[in-house]
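In this text, all values refer to a predicted model and were calculated from it rather than measured experimentally. So that the names make sense, note that chain A is the first sequence line, chain B the second, and so on, each numbered from 1.
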There are 2 protein chains.
Amino acid sequence: MEEIRDTNKKPSEPAPRRVRISDLAQALGLTKSTVSRALNNYSDISPETRERVARVAAEMGYAPMPYAQAVRTGRVRALGLVLELDAPDRYGPFLTDFLGGITQEASLEGWTLTIASSNSREEMEDTVTRLLQEHKVDGFILPRTQVVDPRVKFLQTKHVPFVLFGRTGHGQPDPGLSWYDVDGEGAMRAAVVRLAGFGHRRIAFAGSHASYNFALLRRDGYRDGLEEAGLPFDPALELMEISDRSEGAQAARDLLDLPDPPTAIVYSTDATALGAYDVARERGLTIGRDLSIISYDGIPEGRMVDPPLTTFAVDSQHAGARLASLLIAQLRGAPPGELTELVAAQLEPGGSDGPPVDP
Amino acid sequence: MEEIRDTNKKPSEPAPRRVRISDLAQALGLTKSTVSRALNNYSDISPETRERVARVAAEMGYAPMPYAQAVRTGRVRALGLVLELDAPDRYGPFLTDFLGGITQEASLEGWTLTIASSNSREEMEDTVTRLLQEHKVDGFILPRTQVVDPRVKFLQTKHVPFVLFGRTGHGQPDPGLSWYDVDGEGAMRAAVVRLAGFGHRRIAFAGSHASYNFALLRRDGYRDGLEEAGLPFDPALELMEISDRSEGAQAARDLLDLPDPPTAIVYSTDATALGAYDVARERGLTIGRDLSIISYDGIPEGRMVDPPLTTFAVDSQHAGARLASLLIAQLRGAPPGELTELVAAQLEPGGSDGPPVDP
DNA sequence: TAGGTTAACGAAACCGATTTCGTAAAGCCG
DNA sequence: CGGCTTTACGAAATCGGTTTCGTTAACCTA
């Protein structure tokens, strides 16, 4: 009769009894069912009773246990996030802000965030499957969307609600999906136009991995910016697949070694843009004068370097908060396709860009 | 009778019916109770039946719903982590590794990680209270322990299991607590001894905020190192309260401006040590020759600078994994006081330290 | 004023498990 | 072979809620 597995002796002490719905009902002189319906705003409860129940519930500090509710409702009020440990740049410094945004917003609505991690796509699918199987989450937030993101189809076939941080499908975002994104395209366009306004005529671009949707969009923005500024597009000035500081440095070297080198480089990310500073030091160039740099992200380190990096900053905390909000809305029944948000990146002028020196 | 609140129409499609314990029981020709006890290794189930139940359960893909179990058992198999958004250095780049470690290990045991965040101590207490009230987690992992950590007493009075990342109480860790820590004291001692071995005689220390336990321990290690190397302790060479790169730079300036400046500086963290590189550049000094630097943490950026930073690296992923393991063990009934682990930091030699130049 | 609604609540089933308790059959003992 | 344990399982209670289905009394309406 007794158990074999591990025992869990709580050592001692009172540990105050929590108040259940039956306690509340008894205190009110009502039944559990009435109290439950009153708390859940059913229409067959009189306003006075509803109000009285709410008041006494607050007085007694009653809060329903989510998992007890979940047995019946099937919803646990938890959002899921799977971190991809094998991502090229490991989320960098954004993660704290991002998680903070999600959890703060979720907390306001009484939801929590459950996170898992994976080292590969298969592991990601296994992890998601397990979380769903065990019903530990109601929906997912998917960061770092790819142009064709396997997670999307995977979750769709499983009929699980989700929101994307970033669009998919490059030009035409897939319809019917919920997403939040920052307008990297617009930022890159603005960067090019700004540089052209300073007088630059040869403006290069150092982009990221083309499998990520944001990378293509930012490249598009770069090209649009050239067009808007009336500058010709030169394929030699457009580099892609650059993912860290040293690759960013190498990109700068390659560009500067061209027969007709650029006087300005737009980087797709701050982390790679910092590589240009290394090259400038190598070659005795002054950033902001001999070579102008504008990038994107707004990492703290960009403000620590000399001169400070001119960048289009992303508010990761706000992104997390909005994503949480969108997912919760979807879980409450809002049609997924109508839950999309595109916000502008914020220009943070530093000293890394300026008029080119005349030859 | 109908509900007023949001509806949750699942739009379409099959969505395969999950297998419940009653389905399993029926397929086996047994009752729910027998199946449940068989799966939970009760002693009053015959070995053959137990084996047969396990086999059929696997075949049918049965997995119990944790929240349905929780209604009865009171345990949800979830670990909790509260991120402190107001911390001085915001966790830096460790967070991804740390979370990865926790979740990977937890996942192996069938547990998940629920995270929340707070902007202040009161908010932290409210958050913890809510998570407990709603019974969303079984125990907590507390990072960034302070010398006297208010969270410890708070959780103790609530009778909630927890593990600490880092000890408390400075010299004598509080008994009865579970913790995992990296031996920063030993690392700092080794750093000083290593520098002394190179021939340095004036070795300075740039430490962190004294409210954090690790800061005091590392300072102790510095002093111990001096003693072990037979060098005198000079209060002028010991700085504290340094928390970012610019403060690290200022510390370097202050130290180098002393009448009898140090030839080497041991930094408590990599992030602050990078400030020394900025000062070296300002003053035309060569790191590793004119000024030796050793620090602690092993952030990726330390390997990108020139010369690479000599540092004592911490394995955050391993830390997360071990903390998860310790907490799960405690939740399974292990006595908290016996769950402690101290591991050594790993020396990663770079080029930032070497013999001093003779005057 | 009889008959039909409607408003507001109670009683009981239910969700998917775990755990307590009861009990038939088998095994043991003298 | 009768009585007493075990062994191995079934029946039912339980956890803390939600939801369905009645039911009563007040309110309309004709």
Side-chain angles (χ1 to χ4, degrees), chain A residues 1-8 17-53 57 60-77 110 132-136, chain B residues 1-8 17-53 57 60-77 110 132-136:
Chain A
M1 201 75 68
E2 99 238 55
E3 268 189 87
I4 291 183
R5 38 166 206 181
D6 41 40
T7 60
N8 184 22
R17 189 85 189 93
R18 61 172 297 130
V19 27
R20 294 155 303 184
I21 194 172
S22 52
D23 302 329
L24 224 196
Q26 185 163 7
L28 283 159
L30 297 170
T31 59
K32 294 193 307 176
S33 59
T34 303
V35 173
S36 173
R37 292 198 312 267
L39 292 172
N40 289 300
N41 295 324
Y42 275 64
S43 56
D44 65 344
I45 300 294
S46 74
E48 305 83 54
T49 302
R50 190 198 313 278
E51 203 278 334
R52 194 166 64 96
V53 170
M60 296 181 63
Y62 170 75
M65 305 195 119
Y67 57 72
Q69 299 179 300
V71 174
R72 197 83 229 266
T73 65
R75 302 236 306 267
V76 286
R77 305 222 294 184
L132 293 174
Q133 161 94 357
E134 299 189 343
H135 236 291
K136 288 235 173 178
Chain B
M1 199 74 69
E2 99 239 53
E3 268 189 86
I4 291 182
R5 38 163 207 185
D6 41 40
T7 60
N8 185 21
R17 190 87 189 93
R18 61 173 298 131
V19 28
R20 295 155 304 185
I21 195 172
S22 52
D23 303 329
L24 224 195
Q26 185 163 8
L28 282 158
L30 296 170
T31 59
K32 294 192 309 174
S33 60
T34 303
V35 172
S36 173
R37 292 198 311 266
L39 291 172
N40 289 300
N41 294 323
Y42 276 64
S43 56
D44 65 344
I45 301 294
S46 75
E48 306 83 55
T49 302
R50 187 197 316 278
E51 203 279 331
R52 193 166 65 95
V53 169
M60 297 181 64
Y62 169 75
M65 305 196 119
Y67 57 71
Q69 299 179 305
V71 174
R72 199 81 232 270
T73 64
R75 301 237 304 269
V76 285
R77 306 219 297 185
L132 292 174
Q133 162 95 357
E134 299 190 343
H135 236 291
K136 288 234 173 178

Using whole Å, report how far [atom1] of [X] lies from [atom2] of [N].
| X | N | atom1 | atom2 | value |
| --- | --- | --- | --- | --- |
| A:Gln69 | D:dG17 | CD | C1' | 7 Å |
| B:Lys32 | C:dT20 | NZ | P | 16 Å |
| A:Tyr42 | D:dT18 | OH | P | 8 Å |
| A:Leu30 | D:dG17 | CG | C1' | 16 Å |
| A:Arg52 | C:dA8 | CZ | C1' | 13 Å |
| B:Gln133 | D:dG16 | CD | C1' | 14 Å |
| B:Asp44 | C:dT18 | CG | C1' | 13 Å |
| B:His135 | D:dG17 | NE2 | C1' | 14 Å |

- Message: Using a 4.0 Å heavy-atom cut-off, does A:Ser22 contact any base of the nucleic acid, only the sugar-phosphate backbone, or nothing at all?
- Response: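 No contact.
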
- Task: Select base, sugar-phosphate, or nothing to describe what B:Ser36 touches, counting heavy atoms under 4.0 Å on all strands.
- Result: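 It contacts base atoms.
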
Is the shortest side-chain N/O distance from [X] to OP1 or OP2 of [N] below 4.0 Å?
| X | N | answer |
| --- | --- | --- |
| B:Thr34 | D:dC9 | no |
| B:Ser33 | C:dT20 | no |
| B:Tyr62 | C:dA17 | yes |
| A:Arg20 | D:dG16 | yes |
| B:Tyr67 | C:dG16 | no |

- Does the side chain of B:Leu39 come within less than 4.5 Å of B:Tyr62's, by heavy atoms?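 Sidechains of B:Leu39 and B:Tyr62: in contact.
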
- State the OG1-CG distance between A:Thr34 and A:Leu24, to the nearest 0.5 angstrom.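 Here the rounded value is 12.0 Å.
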
- Item | Pairwise distance NE2(A:His135) to CD(A:Gln133) - rounded to 0.5 angstrom |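 The distance works out to 10.0 Å.
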
- Bend across the helix from C:dT1-D:dA30 to C:dG30-D:dC1, to 10°, with axes taken over 5 pairs at each end?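 Taking five pairs per end, the axes differ by 40°.
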
Considering only [options], which nucleotide approaches the side chain of [X] most closely?
| X | options | answer |
| --- | --- | --- |
| A:Arg37 | C:dG10, C:dC14, C:dA17 | C:dG10 |
| A:Met65 | D:dG16, C:dC9, D:dC9 | D:dG16 |
| B:Ile21 | D:dC15, C:dT18, D:dT18 | C:dT18 |

- Query: Is there a donor and acceptor pair closer than 3.5 Å between the side chain of A:Arg75 and the base of D:dT18?
  - Reply: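 Between D:dT18 and A:Arg75, which were checked side chain against base, a qualifying N/O pair under 3.5 Å is absent.
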
For [Y], does its backbone N or O pair with a side-chain atom of [X] as donor and acceptor, under 3.5 Å?
| X | Y | result |
| --- | --- | --- |
| A:Thr49 | A:Ile45 | no |
| B:Lys136 | B:Val76 | no |
| B:Arg18 | B:Ala63 | yes |
| A:Arg37 | A:Tyr42 | no |

- Query: More 5' along DNA chain D: B:Val71 or B:Val35, using each one's nearest nucleotide?
  - Reply: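 Nearest nucleotide further toward 5': that of B:Val35.
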
- Message: Let me spell it out: for each of A:Thr31 and A:Ala68, pick the nucleotide of DNA chain C with the closest heavy atom. Which residue's pick is nearer the 5' end?
- Response: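 So the residue in question is A:Thr31.
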
- Query: Between B:Ala25 and B:Thr31, which heavy-atom pair has the shortest distance, and what is it?
  - Reply: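 Taking B:Ala25 first and B:Thr31 second, the nearest heavy atoms are CB-C, 3.7 Å.
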
